[in-house]
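Since the model is a prediction, treat every value here as computed from it, not as a measurement. Each residue takes its place number in the sequence, starting with 1.
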Amino acid sequence: MKKSSSSSRSPRKSPRKSPRNGRRPWFWRFVFRFGAIGLVLLAGWTVYLDAVITSRFEGRRFEVPSRVYARPLELYDGAGISSGALERELQLSGFRKGDGTNAGTYRRSGGHFVISTRGFRFPDGSEPKRRLALNIYGDRVEDFSVLSGEASPIVRLEPAQIGGIYPTHKEDRILVQLEEVPALLPTTLMAVEDRNFYDHFGIAPLSIARAMLANIRAGQIVQGGSTLTQQLVKNFFLTRDQTLLRKGNEALMSILLELHYEKGDILETYLNEVYLGQAGTRSINGFGLASQFYFGESLKELNVHQIALLVGMVKGPSYYNPRRHPDRATERRNLVISEMEEAGLIDSVRAARARGMPLGVSAKPSYSENRYPAYIDLVRRHLARDYREEDLRSEGLRIFTTLNPAIQYAAEYAVTDTLPRLASGEIRKSLEAALVVTAKDSGEVLALVGGRDPQFAGFNRALDANRPIGSLIKPFIYLSALEQPDSYTLITPVLDKSFALEFDDGRRWEPKNYDTRERGEVPLHEALSHSYNLPAVRVGLDIGVDVVKETLQAFGVASSISEYPSMLLGSVSMNPVTVAQMYQGLATSGFNTPLRTIREVTDPGGEALSRYSLEVDQVADPAAVHLVQYAMQETMQEGTGRSAYYTLPKKLTLAGKTGTTDDGRDSWFAGFSGDLLAVAWVGRDDNGPTSLTGASGALPVWSRFMAQVPQHSFSPVVPDGVNYHWVNSERQALTDEYCDNARLVPLIAGSEPAQTVSCSGNLQRRIQGWFEGLFQ
């Protein structure tokens with residue numbers, strides 16, 4: 001019996017969906033969508049990173065500081081420099097004591113020097129390497145000769161770098177191009193850091209795996225697997241954080257970098273970017289600067305052991321700092337030398353020789369932070385006229401200044417050595433000073449001291465201390481008068497007698513002499529050389545305060561000048577640099593010569609961008625200026641400046657002027673020789689009294705400075721229209737040479753006295769004169 005189909009058919013169960021099979025579509029949809037979103041985000045992130053990389057690499061990659069150089073030292077027979085000054089300047093320029101054979105070394109035996117120079121590219125041409133020999137007797141170079149290299153009667157040494165104008169992030173570097181780098185450097189770098197640099201595409205998975213395995217075995221980080229490209233990306237774009245995100249970005253950016261740029265481009269950027277040390281607040285980046293910083297030599301001059309040391313320091317510049325940790329540095333260097341040998345870069349003989357070499361690191365960096373902050377301050381202010389600050393910080397400009405390191409040293413010594421001797425107690429502690437030195441004829445600023453601590457980069461008194469100048473104004477009062485020869489000559493009697501001025505508002509002004517004495521009539525030259533106040537005010541009022549003001553402005557004073565009569569006693573305030581500018585015109589016979597700190601600015605390649613040539617503008621009658629110079633020489637011989645000869649040789653002819661304000665709040669001295677003009681100021685920042693005068697405060701600083709520097713006497717050329725005559729000042733008459741009270745005085749033609757007095761009775765003086773003339 002058949003079962004009915006309906007009864008025999010087992011009831012069909014409706015298929016039950018497996019829970020597992022039911023999740024799969026949802027799961028995969030989620031994975032797909034999540035993956036898609038992730039890919040979109042990754043693509044966007046990649047595009048962003050790509051933009052970051054290309055924008056940095058397509059634009060200016062580095063901000064390079066401007067470098068500021070002193071004037072180059074010129075050596076030749078007759079050059080004026082002492083043995084000590086030459087050695088200091090060599091050391092300032094990064095020369096090392098040695099055998100005098102290797103470039104950048106010198107050997108000294110007493111006054112005998114052998115110097116091996118380094119080549120240097122000046123704005124007007126390159127100076128090749130040479131080996132020199134010379135002797136110094138006293139303060140002059142003799143027996144100068146070129147032992148090897150291109151012969152020349154005069155040789156310029158590489159100028160000392162005296163400072164820089166750095167980017168805000170304080171990175172410092174010297175850019176190098178790949179073709180300038182010694183071939184052994186990149187090959188050694190790759191042998192130590194990245195052997196497959198030219199084969200990978202930014203990352204090296206096998207190297208990473210080997211590094212991970214080595215680190216796991218050691219239980220600590222002992223090996224890195226980063227390629228040079230990854231290291232560059234980390235330094236250039238990322239932080240040093242050890243996170244997966246940072247590592248991922250590093251890998252992605254490395255690949256992108258390799259996609260866009262050639263290997264050589266990446267390697268050159270690495271050589272300029274790598275961090276290799278610290279100098280104060282500045283980081284030393286790139287092999288170009290590191291070579292100068294550690295060895296005082298350019299990169300292309302390095303030897304095997306020096307290259308090995310720098311490459312070894314990539315792993316840890318602080319840990320392997322050769323100045324602080326020479327043993328560690330030596331061990332690391334020798335390890336690198338062994339890797340060079342293993343890689344076939346050098347043979348065993350060179351390797352053994354390199355391992356036997358000392359580190360050869362200079363005791364001090366060849367340059368450091370700004371050595372002369374007050375001077376650099378003035379340079380920056382002058383540069384600000386023509387250059388933007390951001391360009392000075394980033395364009396790698398080379399700024400050739402007029403600073404003379406030997407004169408700067410003498411100026412600093414004069415201030416630091418003399419200031420403590422000028423006073424006692426609390427006043428001595430609070431005394432400050434400033435000193436400005438210029439070349440008399442060119443107006444080049446050779447030295448600048450901004451305070452008792454020349455290394456302190458704070459308040460610059462040479463530029464920012466505007467103080468009353470006291471009697472420093474008097475030569476300009478008398479110059480204004482002497483330009484009117486019909487009214488004034490050097491022998492014109494001026495009245496040294498008190499008087500009072502009453503103003504419309506009822507105020508009363510009664511000028512006094514510093515010593516309160518009154519002398520009646522005195523000749524003009526004596527009134528100036530002895531700095532009497534009353535005659536100066538009388539003469540100033542006679543010719544007009546506005547005329548004196550115009551004279552000051554013609555000599556370069558740009559600041560505000562009041563026309564109150566008190567201005568005639570120096571109530572007008574100026575800083576020492578402005579005073580130097582003003583006196584420069586007196587020293588150069590009435591030619592206003594703008595002070596200069598910069599000779600030339602070039603781009604990093606040496607192309608001239610700006611030249612600052614000598615500019616002169618005649619602003620006063622040379623004949624009248626000559627008369628003032630005469631009185632200023634008298635100041636040094638007979639007047640308020642005569643104590644200078646306690647320090648200086650009597651035969652050195654000088655011209656100068658003291659200045660003092662009430663209670664000795666400001667002590668000034670300005671004067672010049674045949675070579676130099678110097679202005680000294682001594683006082684207190686709180687404007688308190690010091691009891692010092694120009695002669696007892698600023699003059700000792702000035703004299704101490706002048707005594708240290710080789711120079712010539714001031715011997716002005718007598719200008720046309722000026723004749724010297726023997727005169728009797730008391731009688732306002734021409735006289736004979738051997739008469740009593742006879743004085744040889746310059747007079748502008750036409751202003752000679754009409755009267756003549758004789759002295760026929762003085763036979764003794766005539767006979768004395770005859771004998772003096774016989775032996776001249």
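- Side chains of Q637 and Y645 form a contact here, defined as non-hydrogen atoms less than 4.5 Å apart.
- Counting heavy atoms from C-beta on, the side chains of L403 and V445 never come closer than 4.5 Å.
- Contact of the L90 side chain with the S93 side chain is not registered, since no non-hydrogen atoms from C-beta on lie closer than 4.5 Å.
- No donor-acceptor contact under 3.5 angstrom links the side chains of S291 and K300, judged on distance only.
- The existence of a salt bridge linking R156 and E127 is confirmed by a sub-4.0 Å separation between a basic side-chain nitrogen and an acidic carboxylate oxygen.
- Inter-residue side-chain proximity for L472 and M574 is flagged as unmet; no heavy-atom pair is nearer than 4.5 Å.
- Interatomic distance, L699 CG to R642 CZ, rounded to the nearest 0.5 Å: 10.5 Å.
- By the 6.0 Å contact criterion, CZ on F459 is enclosed, its count of non-hydrogen atoms from other residues, nucleotides or ligands being greater than 12.
- Using modelled atom types, no side-chain atom of E301 and backbone atom of S298 make a donor-acceptor pair closer than 3.5 Å.
- Here the side chain of N135 pairs no donor or acceptor atom with the backbone of D143 at under 3.5 angstrom.
- Within the 4.5 Å cutoff, the side chain of F400 has no heavy atoms near those of the V601 side chain.
- Salt bridge annotation for E634-R743: present, with a cationic side-chain nitrogen under 4.0 angstrom from a carboxylate oxygen.
- For the pair L747/N723, no side-chain contact is recorded, criterion being any heavy-atom separation below 4.5 Å from C-beta on.
- In this structure, K129 does not pair ionically with E158, as no charged nitrogen and carboxylate oxygen lie closer than 4.0 Å.
- In K651, the NZ atom is not crowded: 12 or fewer heavy atoms of neighbouring residues, nucleotides or ligands sit closer than 6.0 Å.
- Across all non-hydrogen atoms, the minimal contact from V449 to A462 is O-CB, 3.8 Å.
- By the 4.0 Å N-to-carboxylate-O rule, R108 lies close enough to E87 to be salt-bridged with it.
- Scanning both residues, G694 and T660, for their nearest heavy atoms gives N-OG1, 2.7 Å.
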Stepwise side chain to side chain donor-acceptor pair (under 3.5 Å) test for N592 and Q618: CA-CA 6 Å; N592 183 22; Q618 185 172 350; over 6 Å; no

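- The two residues F95 and T117 make their nearest non-hydrogen contact at CE2-CA, 3.9 Å.
- Taking the six-membered ring for Trp and thresholds of 30 and 60 degrees, F122 and F120 have ring planes more than 60 degrees apart, a perpendicular arrangement.
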Audit row: F555, L586, side-chain contact (heavy atoms from CB on, under 4.5 Å) steps and yes/no: CA-CA 8 Å; F555 276 72; L586 287 182; 4.2 Å; yes

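- Contact detail for V679 and A580: the closest heavy-atom pair is CG2-CA, 3.7 Å.
- Between the side chains of N102 and T105, no donor-acceptor pair is found at a separation under 3.5 Å.
- Residue H626 holds its NE2 atom at 11.5 Å from CG of D720, rounded to the nearest 0.5 Å.
- Cation-pi contact between R385 and Y612: absent, since separation from the ring centre below 6.0 Å together with deviation from the ring axis within 45° is not met.
- Between the side chains of Q455 and Y372, no donor-acceptor pair is found at a separation under 3.5 Å.
- If you take OG1 on T635 and NE2 on H530, they are separated by 8.5 Å, rounding to the nearest 0.5 Å.
- Side-chain atoms of Q584 never come within 3.5 Å of backbone atoms of M582 as a donor-acceptor pair (strictly under, hydrogens ignored).
- Checking side-chain atoms of R461 against main-chain N and O of G450 turns up a donor-acceptor pair under 3.5 Å.
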Trace of the side-chain contact (heavy atoms from CB on, under 4.5 Å) decision for V701 with L422: CA-CA 9 Å; V701 174; L422 297 179; 4.3 Å; yes

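- With rounding to the nearest 0.5 Å, the separation of CD1 in I598 from OG1 in T401 is 8.0 Å.
- In this structure, I115 and L75 have side chains that are in contact, with non-hydrogen atoms separated by less than 4.5 Å.
- Q711 and S673 share a side-chain donor-acceptor pair at under 3.5 Å.
- A cation-pi arrangement, defined by a distance under 6.0 Å to the six-membered ring centre and an angle within 45 degrees of its axis, is absent between R96 and Y106.
- Contact detail for S589 and V625: the closest heavy-atom pair is CA-CG1, 3.6 Å.
- Considering only heavy atoms from C-beta on, P65 stays 4.5 Å or farther from I165 through its side chain.
- Using a 4.0 Å cut-off between charged side-chain N and carboxylate O, R611 and D124 make no salt bridge.
- No donor-acceptor pair closer than 3.5 Å links the side chain of W702 to the backbone N or O of A670.
- Each of V682, T658, I469 was evaluated against W668; a single residue qualifies, I469, per the side-chain contact (heavy atoms from CB on, under 4.5 Å) test.
- A distance-only check finds no donor-acceptor pair linking the side chain of S66 to the backbone of G164 [under 3.5 Å].
- When each of E444, E600, E89 is checked for a salt bridge (Lys or Arg N to Asp or Glu O under 4.0 Å) with R71, only E89 meets the rule.
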side-chain contact (heavy atoms from CB on, under 4.5 Å) evaluation trace for L676 with I407: CA-CA 10 Å; L676 303 175; I407 290 182; 4.0 Å; yes

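- Under a cutoff of 6.0 Å and an axis angle of 45°, R282 and F293 do not form a cation-pi pair.
- Across all non-hydrogen atoms, the minimal contact from P454 to T416 is CD-CG2, 3.8 Å.
- Put simply, the side chain of S471 never gets that close to the backbone of G659: no donor and acceptor are under 3.5 Å apart.
- The pair R107-D99 does not meet the salt-bridge criterion, since no charged nitrogen lies less than 4.0 angstrom from a carboxylate oxygen.
- Formation of a donor-acceptor pair under 3.5 Å by the S152 side chain with backbone atoms of I154 is found in this model.
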L609/T602 under side-chain contact (heavy atoms from CB on, under 4.5 Å): CA gap, chis, key distance, verdict: CA-CA 5 Å; L609 300 176; T602 75; 5.5 Å; no

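- At least one donor-acceptor pair under 3.5 Å links the side chain of S667 to the backbone N or O of T693.
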Worked verdict on F714 versus F672 for ring-ring contact (aromatic ring centres under 6.0 Å, His included): CA-CA 7 Å; F714 174 62; F672 42 90; 5.0 Å; yes

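- In this structure, T418 OG1 and L431 CG are separated by 11.5 Å, a value rounded to the nearest 0.5 Å.
- Panel note: side chain D77, backbone F144; a donor-acceptor pair is recorded below 3.5 Å.
- Judged by distance alone, the side chains of Q629 and Q633 never bring a donor and an acceptor atom under 3.5 Å apart.
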S531 and K474: CA distance, side-chain angles, deciding distance, side chain to side chain donor-acceptor pair (under 3.5 Å) verdict: CA-CA 8 Å; S531 200; K474 287 174 182 167; 3.1 Å; yes

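- Of the inter-residue distances, the one linking T438 atom OG1 with D675 atom CG reads 11.0 Å to the nearest 0.5 angstrom.
- Within a 6.0 Å radius of CD in E615, no more than 12 heavy atoms belonging to other residues, nucleotides or ligands are found.
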